[in-house]
Amino acid sequence: MKEQYISTRGSQERLTASSAIIKGIASDGGLFVNAHLNRMNLPLKDWLTCTTYSDFAQKVLGLFLTDFTPSQIEHCVSQAYETGKFSGREPVRLRAVGDRYFLELYHGPTAAFKDMALTILPHLMTASLKNTGDDHRVLILTATSGDTGKAALEGFKDVPGIGIVVYYPKDGVSIVQERQMLTQEGDNTKVIGVVGNFDDTQTGVKKIFGDKQTAEQLSNKNIVLSSANSINIGRLLPQIVYYFYSYFELVRSEKIALGDEINFVVPTGNFGNILAGYYARKMGLPVHKFICASNTNCILTDFMNTGVYDTKRPFYKTSSPSMDILVSSNLERLLYDLCDEDASIVKNYMDRLNTDGFYRVDEALLDKVQALFYGGFADEAATEQAIRKTFNEKGYLMDPHTAVADAVYDAYVEKMSDKTPAVVLSTASPFKFSRSVYTALYGQSEETANPFEELKQLSEKTGVAVPKPLRDLETKPLRHNTVVEKQNMATVLKDF
Ligand SMILES: *Cc1c(COP(=O)(O)O)cnc(C)c1O
């Protein structure tokens, strides 16, 4: 049976992978999960036939996208990972640095790990439209606080039958991030600044999704709305791949033996990245612990220690903005699996979250979380110190998100004396957050008016090259200049 995707909240809806990818979120507000996850456990040696990143990607996606043909999957994978969008021979790089490994996931077109999934999602969506026989066009709407928007624009640019509109808070993203978006190419892309903060922007987008009049106008033109954020199953599945790939890199280079357990350290925000690792483990990957690293917004650390997920707390803006999140949506998928797929339990927790702003999981569920996850956080001082220490002592340059993970891993080893080999997921180029990195290493720079000067200075002082997508930014022409008040966010769609 190809209808394998069901909601975490228990509605009777049962969809194919293609329909779940187009739809994004279940009708009852839940997230789509694969009903056969428990049957996907393969013997480890089955993966030994895979060598390239694309081999692993095809095998993983083949298990989940059961209504896709093998040649569709092969096409999507090669379009994403074999057409020169990533800078290396393989899309990701595993580096030994001191006692740990860094899995660099930022060598794609926008220099952040979102590229791992957003380079392939558009191709999965195109194939999904074909598989479902839909002849309509898709309009992707996304609100971004920085990284997702650019990665989605780059992924969807010039994809036939799909248009993309990204809304960002006019004064809420970094100068480099804004310039990345405003120089976006592609005839099907539109970037819109919103007067307001990220919450205003996100609320505005949600409103458009819920607005009957807009839906009707679009439907008259044969257009459906969809989204590219990390609750879409089509973004989650491609992230499973690099967990397998990195494990087998360690086996191939004889750092570990086949079957040895390793740990993964994951800088976490919406819980998508680390959940993909959990799925890899369900599929048979030998993982001892997932170390879930947060910044000062340490809601996940508290949850893993106490079983209480409480959003009634102050929100901090940190140097790792992609982890400044209080509602980690993908945690819902973990809870669903850990409570033995009992959707009524999940629905109850999510209802509580909506009405009371918090929920507490029962003792048995908390035990299961703690058996596999360790939660820790690094504040701003610890993050800066990690950047400085790792560069000065090991010559390795980290961005603030990766530094959070690195600092939490240090504390973990100190506390638990766990010597299991560890892979730290490295999620952004340090040059994407050059001001924070520069300040951590050399103290406050003179407020350079020109952020591109800052990139150059960081590169000169550290001897690390600026990644190409960021290097070209200064000279690229600006192609977008629309700014709207938040109440006018829907009107701009009309002329698009
Ligand atoms: C999105 C992002 C994260 C957080 O990943 P989640 O899947 O949301 O947990 C961490 N670091 C960077 C640089 C990101 O862009």
Side-chain angles (χ1 to χ4, degrees), residues 31 92 102-119 121 142-152 154-155 168 173-174 176-177 180-181 198 202 228-243 264-280 290-295 297-301 303-304 318-334 373 375 377-378 383 386-387 398-408 424-434 436-437 467 469-470:
L31 307 189
V92 304
F102 286 90
L103 178 60
E104 296 178 349
L105 303 172
Y106 59 76
H107 297 293
T110 78
F113 109 96
K114 303 286 191 289
D115 289 329
M116 298 312 305
L118 283 164
T119 48
L121 180 66
T142 297
T144 187
S145 58
D147 284 343
T148 300
K150 176 62 185 178
E154 200 54 40
Y168 73 98
V173 302
S174 82
V176 172
Q177 286 174 324
Q180 274 190 300
M181 290 190 277
F198 176 62
Q202 179 144 23
N229 64 20
S230 74
I231 55 181
N232 193 313
I233 192 82
R235 255 189 79 178
L236 188 61
L237 301 178
Q239 296 178 354
I240 297 171
V241 178
Y242 45 76
Y243 286 91
F264 284 100
V265 190
V266 189
T268 298
N270 216 9
F271 212 76
N273 200 359
I274 197 167
L275 182 80
Y278 174 78
Y279 280 4
F290 290 102
I291 295 145
C292 175
S294 301
N295 63 26
N297 296 295
C298 58
I299 188 163
L300 286 165
T301 311
F303 170 70
M304 286 172 182
T318 73
S319 59
S320 46
S322 299
M323 294 153 69
D324 291 344
I325 282 180
L326 290 184
V327 180
S328 301
S329 314
N330 276 297
L331 185 61
E332 181 169 346
R333 286 186 167 116
L334 177 72
F373 292 87
F377 76 99
T383 306
I387 293 175
M398 298 183 295
D399 97 289
H401 302 76
T402 310
V404 165
D406 187 66
V408 168
V424 179
L425 273 57
S426 181
T427 50
S429 159
F431 292 95
K432 209 158 176 184
F433 301 93
S434 53
S436 304
V437 175
L470 300 179

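On a predicted model such as this, the values are computed, not experimentally measured, just so you know. Along the sequence shown, residues are numbered consecutively beginning with 1. Remember, it's 1-based here, ligands and their atoms both numbered in the order they're listed.
Under the rule for a side chain to side chain donor-acceptor pair (under 3.5 Å), Y279 has no partner lying at least two apart in sequence or in another chain.
Here N270 contributes atom CG and R235 contributes atom CZ; the two are 8.5 Å apart, rounded to the nearest 0.5 Å.
Considering backbone and side-chain atoms together, M323 places no N or O closer than 3.5 Å to any N or O of ligand 1.
The single protein non-hydrogen atom nearest to atom 9 (O) of ligand 1 is G269 N, 2.8 Å, given as residue, atom name and distance. With hydrogens left out, the protein atom closest to atom 11 (N) of ligand 1 is T427 OG1, 2.9 Å, a heavy atom. Protein heavy atom at the shortest distance from atom 6 (P) of ligand 1 is N270 N, 3.5 Å. Here the protein heavy atom with the shortest distance to atom 14 (C) of ligand 1 is K114 NZ, 2.9 Å. In this structure, the protein non-hydrogen atom closest to atom 5 (O) of ligand 1 is F113 CE2, 3.5 Å.
In this structure, T119 contributes its side chain and D115 its backbone to a donor-acceptor pair below 3.5 Å.
Numbered from 1 in the order shown, with element, the atoms of ligand 1 that lie under 4.0 Å from a heavy atom of D147 read 13 (C), 15 (O). Taking every non-hydrogen atom of N273 and a distance limit under 4.0 Å, the qualifying atoms of ligand 1 come out as 7 (O).
Heavy-atom minimum distance, S429 versus L470: OG-CD1, 4.3 Å.
By the criterion of a heavy-atom distance under 4.0 Å, the backbone of P267, and not its side chain, is placed next to ligand 1.
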